[in-house]
Amino acid sequence: MIIIIAPERFSCNYKKMKICAIIPAFNEEKTIASVIRAAKSTPLISEVIVIDDGSSDNTYEVAKRLKVKVIKLLENRGKSMAMEVGVKETDAPILIFIDADLIGIKSEHLKLMLEPILKNDSEMTIGTIDRRNLGKTLDWFVKKNKLPFSGTRALKKEFWSEIPPEYKKKYYIESALSYFAKQKELKVKTIVLKNVKHLIKEKKYGILLGIKSRAEMFFQMAIVNLIIRIK
């Protein structure tokens with residue numbers, strides 16, 4: 001059963017409220033330092049939490065050296081569960097989830113994502129990577145369709161709490177967030193993060209493991225979209 005929540009439920013003044021950046025990470029030693037620095041240098045963000053989701057590389061050590069709160073999970077529990085662990089560690093009413101594999105992310109990008117939330121212009125913003133190098137048509141498509149699988153999002157914690165727990169596992173959460181925001185008629189804004197890219201899975205894990213990981217991710221997205229629509 002889906003409970004429809006009126007947008008005005010989230011109409012309180014958030015301008016002076018605490019904002020927490022949550023960074024779920026699995027084997028992201030190459031990129032996580034720059035992501036953490038972007039979060040720490042954003043004046044609007046008052047707390048940074050890294051969830052090391054059972055990494056086998058130096059993700060934990062790199063994050064600890066940057067003097068942020070780091071939670072080490074002993075085994076890989078999946079991105080969505082890592083995000084949930086981070087949420088439970090903060091009392092901030094505004095959350096910004098940041099992918100740990102971003103290249104080129106800056107403080108100004110995060111500020112652009114947070115301002116619509118602070119001004120109550122949106123209940124959620126979705127930060128999509130810059131795909132201009134793939135052509136104007138695809139860039140238009142990104143803006144138009146809000147890329148529901150983008151992991152970099154700012155939102156109000158109240159909305160996160162409304163997502164059923166069965167969708168907070170694997171790669172389910174991003175599709176679930178977009179779907180329930182639409183069902184609840186919440187205001188969502190998509191922001192293209194100029195000059196920001198992902199470190200692709202093939203470069204992280206090698207060609208074969210990268211392709212396998214990407215296939216698993218898209219398969220899980222397809223499954224959760226099917227489950228949501230059936231229910």
message: Within the 4.5 Å heavy-atom criterion, are F159 and M124 side-chain neighbours or not?
response: yes
message: Could you measure the distance from the CD1 atom of I94 to the SG atom of C20? Nearest 0.5 Å is fine.
response: 11.5 Å
field: 4.5 Å side-chain heavy-atom contact, D99 and V35
entry: no
field: Point-to-point distance, once rounded to the nearest 0.5 Å, from CG of D52 to CG of L73
entry: 7.0 Å
query: Hey, is the main chain of R77 close enough, under 3.5 Å, to the side chain of D53 for a donor-acceptor pair?
result: yes
message: For K72, I'd like to know if atom NZ has over 12 heavy atoms of other residues, nucleotides or ligands within 6.0 Å.
response: yes
message: side-chain contact (heavy atoms from CB on, under 4.5 Å) for S56 and N27? Distances and angles first, verdict last.
response: CA-CA 6 Å; S56 58; N27 291 339; 3.5 Å; yes
- prompt: Considering only heavy atoms from C-beta outward, does the side chain of M83 approach that of F97 to under 4.5 Å?
  reply: yes
Contact summary for S107 and T42, nearest pair of heavy atoms: OG-OG1, 3.1 Å
query: Within the distance-only criterion (no hydrogens, no angle test), does the side chain of E75 pair as donor or acceptor with the backbone N or O of G54 below 3.5 angstrom?
result: no
query: What's the shortest heavy-atom distance between V196 and G104, and which atoms?
result: CG2-O, 3.5 Å
- prompt: What are the two closest non-hydrogen atoms of A82 and I51, and how far apart are they?
  reply: O-CG1, 3.3 Å
message: Between K79 and E174 (salt bridge meaning N to carboxylate O under 4.0 Å), is one present in this structure?
response: yes
- prompt: With sequence neighbours left out, which residue pairs that include part of residues 58-67 fulfil the salt bridge (Lys or Arg N to Asp or Glu O under 4.0 Å) condition?
  reply: none
- prompt: Is the backbone of T90 close enough, under 3.5 Å, to the side chain of K157 for a donor and an acceptor to pair up by distance?
  reply: yes
message: Working note: E47 + K18, criterion salt bridge (Lys or Arg N to Asp or Glu O under 4.0 Å); need CA distance, chi angles, decisive distance, verdict.
response: CA-CA 8 Å; E47 181 181 26; K18 183 177 179 180; 3.4 Å; yes
query: Is it true that a side-chain atom of T59 and a backbone atom of F26 form a donor plus acceptor pair closer than 3.5 Å?
result: no
message: With a 3.5 Å distance limit and no angle check, can you tell me whether K40 reaches the backbone of L66 through a side-chain donor-acceptor pair?
response: yes
message: Between S80 and K168 (side chain of the first, backbone of the second, donor and acceptor by atom type, cut-off under 3.5 Å), is there such a pair?
response: no
- prompt: When you look at I129 and L193, which way does the side-chain contact (heavy atoms from CB on, under 4.5 Å) test go after all the steps?
  reply: CA-CA 5 Å; I129 63 173; L193 306 175; 5.6 Å; no
query: Hey, is the main chain of I19 close enough, under 3.5 Å, to the side chain of S46 for a donor-acceptor pair?
result: yes
- line: Which of V68, I71, V87 passes side-chain contact (heavy atoms from CB on, under 4.5 Å) with I49? Answer is I71
query: So which heavy atom on I22 is nearest to which on G86, and how close?
result: CD1-C, 3.5 Å
field: Side-chain ion pair, K30 and D57, N-O less than 4.0 Å
entry: no
Value rounded to 0.5 Å, distance of CG in L155 from CG in L95: 5.5 Å
- prompt: Would the Y179 and Y167 ring centres measure less than 6.0 Å apart?
  reply: no
- prompt: Where do P24 and A100 come nearest, in terms of heavy atoms and distance?
  reply: O-CB, 3.5 Å
- request: Kindly compute the distance separating CZ (R153) from CH2 (W160), expressed to the nearest 0.5 Å.
  value: 10.0 Å
query: Which value, rounded to the nearest 0.5 Å, describes the distance between I103 atom CD1 and S34 atom OG?
result: 8.0 Å
message: Please check: side-chain N/O of D101 versus main-chain N/O of T31, any donor-acceptor pairing under 3.5 Å?
response: no
task: Kindly compute the distance separating CG (L102) from OG1 (T152), expressed to the nearest 0.5 Å.
output: 4.5 Å
Per-pair distances, 0.1 Å, donor-acceptor, side chain in residues 109-118, under 3.5 Å, sequence neighbours excluded:
residue: H109; atom: ND1; partner: K106; partner atom: N; Å: 2.9
residue: H109; atom: NE2; partner: K194; partner atom: O; Å: 2.9

